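One structure is given here, and the rest of the page talks about it.
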Amino acid sequence: MILTVQRLVHTAITDAMRRQYPGVDIPPFVVEVPPNRALGDLAVTVAFQLARPLRKAPKVIAQEVADALGAIPGIARLVVAPNGYLNLYLDRPAFIRPRMRGEVAGLPATPEKTVVEHTAINPNKAAHIGHLRNAALGDTLARVLRFRGGPVEVQNYIDDTGVQVADVIVGFRELERKSIDDVRRIAETTRFDYYCWDLYSRVTEWYAEDSARLEVRAAALHELEHGGTPVSELGALIVDRIVRAHLRTMARLNVSYDLLTYEGDILRLKFWAHAFDILKAQGAVFLQTEGKLAGCWVMRIEAAGTPAVEAEGGDDGGPDNREKVIVRSNGVVTYVGKDIANQFWKFGLLGRDFRYKRFMTQHTGQTLWATTSADSDPAAPPFGRASRIFNVIDSRQMYLQALLSQALRTLGHPREAENSVHFSYEMVALSHATARELGYPPDDDENRKPFVEVSGRKGLGVKVDDMLDLLAAKAAKEVAARNPEFTADECGRVAAQIAVAAIRYFMLKFSRGKLIVFDIEEALSFEGETGPYLQYAAVRAHNILQKLKEREGISEADVLAALDGLACDELSGAGDGTHDLWALTLEASRLDEVVETVIRSLEFAALAKYAFGLAQLFSAFYHKYPIVNEEDRDRKLWRAAGVAYFRAQLTRALALMGIEVPARM
RNA sequence: GCGCCCGUAGCUCAGCGGAUAGAGCACCCGCCUCCUAAGCGGGGGGCCGCCGGUUCAAUUCCGGCCGGGCGCGCCA
């Protein structure tokens, strides 16, 4: 879209400077889009940067560069601003026509495979708003990477052998005295993830009453890990039903996956044992024989400030030798160990592979695969073997994620270590008002903080499905009021799309380093900077084009075909001097540039803000300029083309955020 | 104590080397015989936490403070 032109200009200016100032180092510079159209469409500040080495005024340099610069295709004129900016004005019709027609190719795709791991909710309770941030970020990351080109594989890690699952097992067996058949029946007749949500917090209280009861958990966990017992069978049932509930919730949000990776398979297929051999052989882990960690296999930690126990020996003033336990003295591997094995597998460095089975067909029609320890489906595609991995996990997991890179580096895989990315973000907490609404009056301690922490263990959190239901109910009312001719079914469908837009946009509009204090009231808003506002803009654009077709028989194809023969006043602003149509379409063309920035910074708030700004530009345009009712044919068609282009680009931007545009709303 | 993150309008947040620091919400004033008012226009409201440094240029980069959050287990 616009990137091709920016690169062209960059090259031309670089060449001009090389000719003009032979022997002078050309500093790196960028071709930016100035704050408003009066200042041009593109701007370069390289004259400022050259002022010192050339010992000349920026304005003089800018003029010299301008003089040395021949005609650049697509650039109508170049202005040297009094302060030294080089401002470029595009040949507007020549720029926008092929883009409106979708004739401009994007940048070449990268052939390297990327694995994105996200969601990874403990399969023992309903998904809450904290999990939602993870999934929204992870899914958007996958969409953005696919937009840019190149294969992307989305994995969802299922910790089916962890304490959290053990806790729910304990709940069913000890608190409720349920048999596996009872549990199966409960799963069939209730919202099972909600049921377990409550049970889990009851188990937590049950432990708190008598710490000796933790022995029960330990025993359940042990059976879960080793399998072949009624406890592990119950665990498998719980996990399966909860995972399916999570997938249903995620499907509502337009989130899908390629592969479910089960921790149990990592154990059963001896991934860890194999990884352990590699780590030992390379000396990445060693058996500690002294001190507190005697009997443990440990890894030296390089990252400064990394937690762990200091090594034995006089360490006064010595280097900070810290160690992280990988295998406990009782021989049980820690979660770090399992994660290292998994990370190695994702890069194809483990020398082992999972076995695979079809898990289900998703709402997209695409097959979701799962790992298995039984026979593999020969039709399974190749998984893993990535060149780049994004692990979407909140910032609290920083050290563990750093360890993964370190393990890769230690074992001689510096490139993989570099491409092992912790996609980190801050957590989601609850506002006091929302916590109160959920029936948790904040105690004095919590009152001192501006927020209340979400806690699955305490059962404190906003469930994703509840939030979606609330949003959809509110949206349905609005949709019904505005579209009396809609059936209940249509209303429901559109309301669901609006609900997803509201919540996904809300999760994306904050930069990832920002803690979100989630407030139900705030998230329920459909006005201002919200997902529904964006959808509304696209819907109105769509309506204009619909009306044009219905009333005058002018299709979008007709509009595009007519462009070549039209006077361009409307686009160049020659009439009343305004540049609104141009401002709108130029901004719409920036999507590819924005995506590049987003991938570089991993900051989706930039994408969200861009889409919002674009929608605002359109909304203002919509009010100011008639299209269906415009009498001047050339103006009318240019505007219509602009509206069509806006709609196409905004729709693409929204799709990157997993937001759909309803036909009406 | 060490590490990471945050500190910008009343509130929630963008901007993160460059041209007058922006948006949403809230508040006030306007706008629906005309393509959906989930909208548009206008208004008030800012020592960009503080102190230094680098730079032609710092809200933006660097250092030091101050304030807040998170992490620091033979849990995951």
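Quick note on labels: first sequence line is chain A, next is B, and so on, each numbered from 1. These figures come from a predicted structure and were not determined experimentally. Worth knowing before you read on, the calculation uses all heavy atoms, side chains too, and leaves out hydrogens, waters and symmetry mates.
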- Task: Establish, for the pair A/Arg639 and A/Tyr625, whether the NZ or CZ atom is under 6.0 angstrom from the six-membered ring centre and no further than 45 degrees off its axis.
- Result: no
- Task: Examine the base of B/rC70 for any acceptor or donor lying under 3.5 Å from a partner atom in the side chain of A/Ser395, and report the outcome as yes or no.
- Result: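 No such pair is found, so the answer is no.
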Rounded to whole angstrom, note down the [atom1] distance from [N] over to [M].
N: B/rA58; M: B/rG49; atom1: P; result: 15 Å
N: B/rC62; M: B/rU55; atom1: P; result: 16 Å
N: B/rG10; M: B/rU20; atom1: P; result: 23 Å

Would you say the rings of [Y] and [X] are close, in the sense that their centroids are separated by under 6.0 Å?
X: A/Phe48; Y: A/Tyr85; answer: yes
X: A/Phe423; Y: A/Phe604; answer: yes
X: A/Tyr533; Y: A/Phe526; answer: no

Is the distance from OP1 or OP2 of [N] to the nearest side-chain N or O of [X] less than 4.0 Å?
X: A/Lys56; N: B/rC56; value: no
X: A/Arg396; N: B/rC4; value: no
X: A/Lys292; N: B/rG73; value: no

- Rounded to the nearest angstrom, tell me the gap between atom CD in A/Gln616 and atom P in B/rA37.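 Result: 17 Å.
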Describe the nucleic acid contact of [X] in one word from base, sugar-phosphate, nothing, applying a heavy-atom distance below 4.0 Å.
X: A/Ala218; result: nothing
X: A/Asp519; result: nothing
X: A/Val30; result: nothing

Nucleotide nearest [X] (side chain, heavy atoms from C-beta), chosen from [options]:
X: A/Phe612; options: B/rC70, B/rA76, B/rA23; result: B/rA23
X: A/Met427; options: B/rA19, B/rG39, B/rG69; result: B/rG69
X: A/Val163; options: B/rC75, B/rG69, B/rC13; result: B/rC75

Is the closest side-chain donor-acceptor distance between [X] and [Y] under 3.5 Å?
X: A/Thr434; Y: A/Ser431; result: yes
X: A/Glu323; Y: A/Gln288; result: yes
X: A/Gln397; Y: A/Asn391; result: no
X: A/Arg590; Y: A/Tyr610; result: no

- Face-to-face stacking of A/Tyr399 with B/rG71, centres under 5.5 angstrom, angle under 30°: no
- Query: Is the base of B/rC25 syn or anti, if syn means a glycosidic angle within 90° of 0?
  - Reply: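 Anti, which is what one calls it when the glycosidic angle falls more than 90° from 0.
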- Indicate for each nucleotide in nucleotides 31-36 of chain B, in 5' to 3' sequence, whether protein heavy atoms under 4.0 Å reach the base (B), only the sugar-phosphate (S), or nothing (-). ---SBB
- Task: For A/Arg512 and A/Glu426, run salt bridge (charged side-chain N to carboxylate O under 4.0 Å, His left out): C-alpha distance rounded to whole Å, both residues' side-chain angles, the deciding distance at 0.1 Å, then the answer.
- Result: CA-CA 6 Å; A/Arg512 61 195 166 91; A/Glu426 274 292 333; over 6 Å; no
- Message: If we ignore hydrogens and angles and just use 3.5 Å, is the side chain of A/His623 paired with the main-chain N or O of A/Phe618 as donor and acceptor?
- Response: no
- Watson-Crick and G-U pairing of RNA chain B, under 3.5 Å, as dot-bracket with | and [ ]: (((((((..((((....[...)))).(((((.......))))).....(((((..]....))))))))))))....
